[in-house]
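Ligands are counted one by one from 1 in listed order, and the atoms in each one are counted from 1 as well. Quick caveat, the model's predicted, so the values are computed rather than measured.
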Amino acid sequence: MDKENSITNPAIIGPIIIGSDHAAFGLKEKIKNFLLSRGYVVEDVGADSENSVNYVDYGKKVANAVSEGQFSRGILLCGTGLGMSIVANRFPKVRAALCSDIFSARMSRVHNDANILVMGGRLIGDVLAFELVQTWLETEFEGGRHLERIQSIDS
Ligand code: RB5
């Protein structure tokens, strides 16, 4: 990604809300630092340690904030990403995409306008996670026929 994108996108996207459970606490901290180093403002709702918690509590916090329009983008992490995906997609206007490959991360933006990126901390390494986050943040929604399709989800 070029330097211009990494500077302009934080201003366009605005603050990013991030949450995890204990299983992905370490990866959440690394992603948070990655985002901060690239100029993004990050709101971290926890978890705050590797002590066992219920992923649902943290998924709800992030999904609710995105659903209500307080944040345009959110990132959720748990062991597999499955639990967070299930929780987040219960919220109106949330389009949460569980991604572990770059093509899916890109297409989740181009065709689905995904507003929450979900990853499994027990599935992917740090470098892939950073690349998924960067791709997802810097890829624009195509609109057009895809806008009609995503609008029909909530109608
Ligand atoms: C925690 O053990 C695990 O169940 C959780 O991180 C997540 O993978 C649930 O879907």
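- Test Asp48, Asp44, Asp21, Asp126 against Lys28 for salt bridge (charged side-chain N to carboxylate O under 4.0 Å, His left out) and you get one pass: Asp44.
- The existence of a salt bridge linking Asp113 and Arg109 is confirmed by a sub-4.0 Å separation between a basic side-chain nitrogen and an acidic carboxylate oxygen.
- In this structure, Glu68 has no salt bridge (Lys or Arg N to Asp or Glu O under 4.0 Å) partners at least two apart in sequence or on a different chain.
- Residues Lys93 and Asp154 are not paired through a salt bridge, judged by the lack of any N-O separation under 4.0 Å between the basic side chain and the carboxylate.
- For ligand 1, the protein residues within 4.0 angstrom (heavy atoms only) are Asp21, His22, Ala23, Tyr55, Cys78, Gly79, Thr80, Gly83, Arg122.
- Between Asn64 and Ser67, the side chains place no donor N or O within less than 3.5 Å of an acceptor N or O (distance only, hydrogens not considered).
- Between Glu148 and Arg145 there is no salt bridge, since no side-chain N of the basic residue sits under 4.0 Å from a carboxylate O of the acidic one.
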